[in-house]
A.B. asks: 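First the structure, which I've put down as C-alpha cells, then a few questions once you've had a look.
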Amino acid sequence: MAAVPSQIITILTIYLVFSAIKFVQCSHGDRHPVYQRCLQSCFYANCSTKTDLQEFDAGRPWYLRALLWDCEDECGYECMWNTVEYYHSIPLPCPQFHGKWPFLRIFGIQEVASVVFSICHGALHLYFWLKFRSKVPSEAPMYIVWQAYSLICINAWVWSTVFHTRDFIWTERMDYFCATSLVLASLLTHCIRVVGWHGGTFHVGITCLCIGVLSTLFFIHVWYLAFIKFDYGYNMKVNVAIGAVNTVWIVLWGIQNIRNQPYVWKAIVTVLGTSLLLLLELGDFAPVGWIFDAHSIWHGATVPLVCFWYSYIMDDTLYMYELMFKFKKTV
C-alpha cells in the first residue's frame, strides 16, 4: 500500500502536464495586428516577385538554405521578434506564436537546447546499446528484446532532434509517432520481461499476444492521426494512458521483487523520476535567454535517468542469465 501515493502522484502529474500543454496551444502573438501587418509588409517587400526572391536568396548563409528557411519563414521569424519587442514596450508578458514560445535561432536551429538534449539522449542510448552488447552474452534472455528496444529509442530521439531543429508538419508527425513507439516499446519490454521470457507454450503465447495487441494499437493510432485527423488531445491521452500503466506496473513489480533483486530500485527511480520531473513542464515560461524553456529543461533533467535505466537493464538481464543456467543444472 505504500506505493499507492506515488502512483497517484505520477498519474495526476502526467495528466496535469498534458492538460497544460494542450491549453497553451492557443496563442495570441501570431494573431496580433502588429505581427500580421509586419508579415504582410515583409512578404510583399521581399517574397512577392521572382526578382525579390532572387535578391532574398543572394548571400544567405548555407545553413539557412540547408534547413529550408524560405522567404516566408524568414518574414515570420523577423516579425515574431518585432512583436515581442512591441509587447515588452507596452509592457505585456511575452506572447506565444503558433502555440510556441519565441526561440533564438542559432545556425538555423529553432530550439537549440531541446536539440542538444535530444542528441544527448540519443547518444546515451547508442552508447549503452553498444555496452549492453559487450557485457551481456547474446544467448541471455531478453537480449534481442533489449537490443530492439534501444534501436527504437535511438530512432525516437533522432526524430526529436529533427523536429526541434525545424518544425514542419512532417517532422512534427514523425516526432509524435516515434514518441508513441518508444512508450509502447517500454510497455512491451516490461510485459515480455514479466511473463514472456520463461519459455513454454503459455508464456510464448502471452508474449505473442502482447506484441500483436500493442503493434495493432500503434498502427491504428498512426493511421488515425496521419490519414483521418491529427488530434493533439487524442494523441496525448493515448500516450499518457500507456505511460501511466507502464509506470504503475513497474513500480508494483519492483516493490514485489526488490528483496530478491535489489537492483530494481534503478527501474523504480527511473520511471518515478521521469514522471515527477514532468512537473517542470507545469511551470511553463518564456525561454530563459530565449533558449531554455520548460520543455528543454525537462529533456535535460531526464538525461541522467537513461544511465539508471540501462544499469537496471544490464543487471536484470545478467540476473536472468544466471537463473537460466541454474535451471538447466537442476533439469
Side-chain angles (χ1 to χ4, degrees), residues 118-161 174-199 203-204 206-219 221-222 238-239 241-251 253-254 257 261 263-275 299 302-321 324:
S118 294
I119 291 173
C120 289
H121 273 278
L124 274 178
H125 280 284
L126 177 60
Y127 168 77
F128 283 112
W129 178 70
L130 296 172
K131 187 174 182 179
F132 182 92
R133 292 170 64 91
S134 65
K135 287 190 64 176
V136 178
S138 59
E139 61 271 21
M142 295 288 293
Y143 181 87
I144 295 177
V145 173
W146 287 123
Q147 289 286 283
Y149 166 81
S150 295
L151 293 176
I152 291 172
C153 291
I154 292 168
N155 178 66
W157 286 109
V158 165
W159 282 108
S160 175
T161 303
M174 289 302 298
D175 177 52
Y176 277 57
F177 297 158
C178 292
T180 301
S181 73
L182 190 156
V183 176
L184 281 170
S186 298
L187 180 59
L188 179 59
T189 52
H190 190 63
C191 179
I192 296 173
R193 166 61 183 90
V194 173
V195 300
W197 73 276
H198 304 34
H203 295 292
V204 171
I206 293 295
T207 299
C208 292
L209 179 63
C210 290
I211 293 173
V213 170
L214 294 181
S215 298
T216 301
L217 175 62
F218 176 71
F219 285 114
H221 179 72
V222 170
V238 169
N239 283 277
I242 297 169
V245 169
N246 196 40
T247 297
V248 172
W249 193 5
I250 289 176
V251 170
W253 176 82
N257 292 274
Q261 300 158 242
Y263 58 84
V264 299
W265 69 268
K266 300 172 187 175
I268 296 174
V269 166
T270 301
V271 296
L272 289 182
T274 301
S275 299
H299 272 324
T302 54
V303 168
L305 295 177
V306 178
C307 303
F308 282 97
W309 183 245
Y310 274 96
S311 180
Y312 153 72
I313 289 173
M314 287 186 283
D315 287 345
D316 191 56
T317 309
L318 291 173
Y319 168 79
M320 289 188 292
Y321 185 62
M324 184 179 70

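The residues of the chain are indexed from 1 along the displayed sequence. Only a predicted model underlies this, so the values are computations on that prediction, with no experimental measurement involved.
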A.B. asks: Does the side chain of Ile313 reach to within under 4.5 Å of the side chain of Met142, using non-hydrogen atoms?
C.D. replies: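 No; the side chains remain at least 4.5 Å from each other.
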A.B. asks: Could you give the distance from CD1 (Ile192) to SG (Cys208), rounded to the nearest 0.5 Å?
C.D. replies: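 So the gap between those two atoms works out to 9.0 Å.
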A.B. asks: Side chains of Trp249 and His190, heavy atoms from C-beta outward: is any pair under 4.5 Å?
C.D. replies: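 A side-chain contact under 4.5 Å exists here.
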A.B. asks: Look up atom CG in Asn246 and atom OG1 in Thr189, then write down how far apart they are to the nearest 0.5 Å.
C.D. replies: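 It comes to 7.0 Å.
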A.B. asks: Indicate the atoms forming the closest heavy-atom contact of Pro141 with Thr317, along with that distance.
C.D. replies: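 Pro141 and Thr317 have their closest heavy atoms at O-CG2, 3.2 Å.
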A.B. asks: Do Tyr321 and Val136 have side-chain heavy atoms sitting under 4.5 Å apart?
C.D. replies: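 No, too far: nothing below the 4.5 Å cut-off.
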A.B. asks: Less than 4.5 Å apart, any side-chain heavy atom of Leu124 and any of Val303?
C.D. replies: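 Heavy-atom side-chain distance check passes, below 4.5 Å.
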A.B. asks: If you count every heavy atom of other residues, nucleotides or ligands that lies below 6.0 Å from Phe177 atom CZ, does the total exceed 12?
C.D. replies: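 Yes, the 6.0 Å shell around CZ holds more than 12 heavy atoms from other groups.
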A.B. asks: Mind listing the closest non-hydrogen atom pair of Ser160 and Ser118 along with its distance?
C.D. replies: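 Minimum heavy-atom separation between Ser160 and Ser118: OG-OG, 2.8 Å.
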A.B. asks: From Leu126 CG over to Cys153 SG, what is the distance, rounded to the nearest 0.5 angstrom?
C.D. replies: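 The SG atom of Cys153 is 12.0 Å from CG of Leu126, to the nearest 0.5 Å.
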A.B. asks: Pick out which of Tyr127, Phe128, Tyr263 makes a ring-ring contact (aromatic ring centres under 6.0 Å, His included) with Tyr310.
C.D. replies: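 With Tyr310 as partner, Tyr127, Phe128, Tyr263 yield a single ring-ring contact (aromatic ring centres under 6.0 Å, His included), made by Phe128.
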A.B. asks: For the aromatic rings, using the six-membered ring if either is Trp, is the centroid distance between Trp129 and Phe132 under 6.0 Å?
C.D. replies: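 No - the distance between ring centres of Trp129 and Phe132 does not fall below the 6.0 Å cut-off.
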A.B. asks: Atom CD1 of Ile211 and atom OG1 of Thr216: how far apart are they, to the nearest 0.5 Å?
C.D. replies: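 Here the rounded value is 11.0 Å.
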A.B. asks: For ring-ring contact (aromatic ring centres under 6.0 Å, His included), just list the numbers for Trp157 and His299, CA-CA rounded to whole Å, side-chain angles, deciding distance to a tenth of an Å, and then say yes or no.
C.D. replies: CA-CA 11 Å; Trp157 286 109; His299 272 324; 5.2 Å; yes
A.B. asks: Could you tell me how the ring of Trp146 sits relative to the ring of Tyr149: parallel (under 30°), tilted (30 to 60°) or perpendicular (over 60°)?
C.D. replies: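 Perpendicular.
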A.B. asks: Restricting to non-hydrogen atoms, name the atom on Leu305 and the atom on Gly273 that form the minimum distance, rounded to 0.1 Å.
C.D. replies: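 Looking at all heavy atoms of both residues, the closest pair is CD1-C, 3.7 Å.
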A.B. asks: Quick one: does Leu318's side chain get under 4.5 Å of Pro137's, heavy atoms only?
C.D. replies: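 Side-chain contact under 4.5 Å: yes.
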A.B. asks: Looking only at heavy atoms, what is the nearest atom pair of Thr270 and Trp309, with distance?
C.D. replies: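 Heavy-atom minimum between the residues: OG1-N, 3.5 Å.
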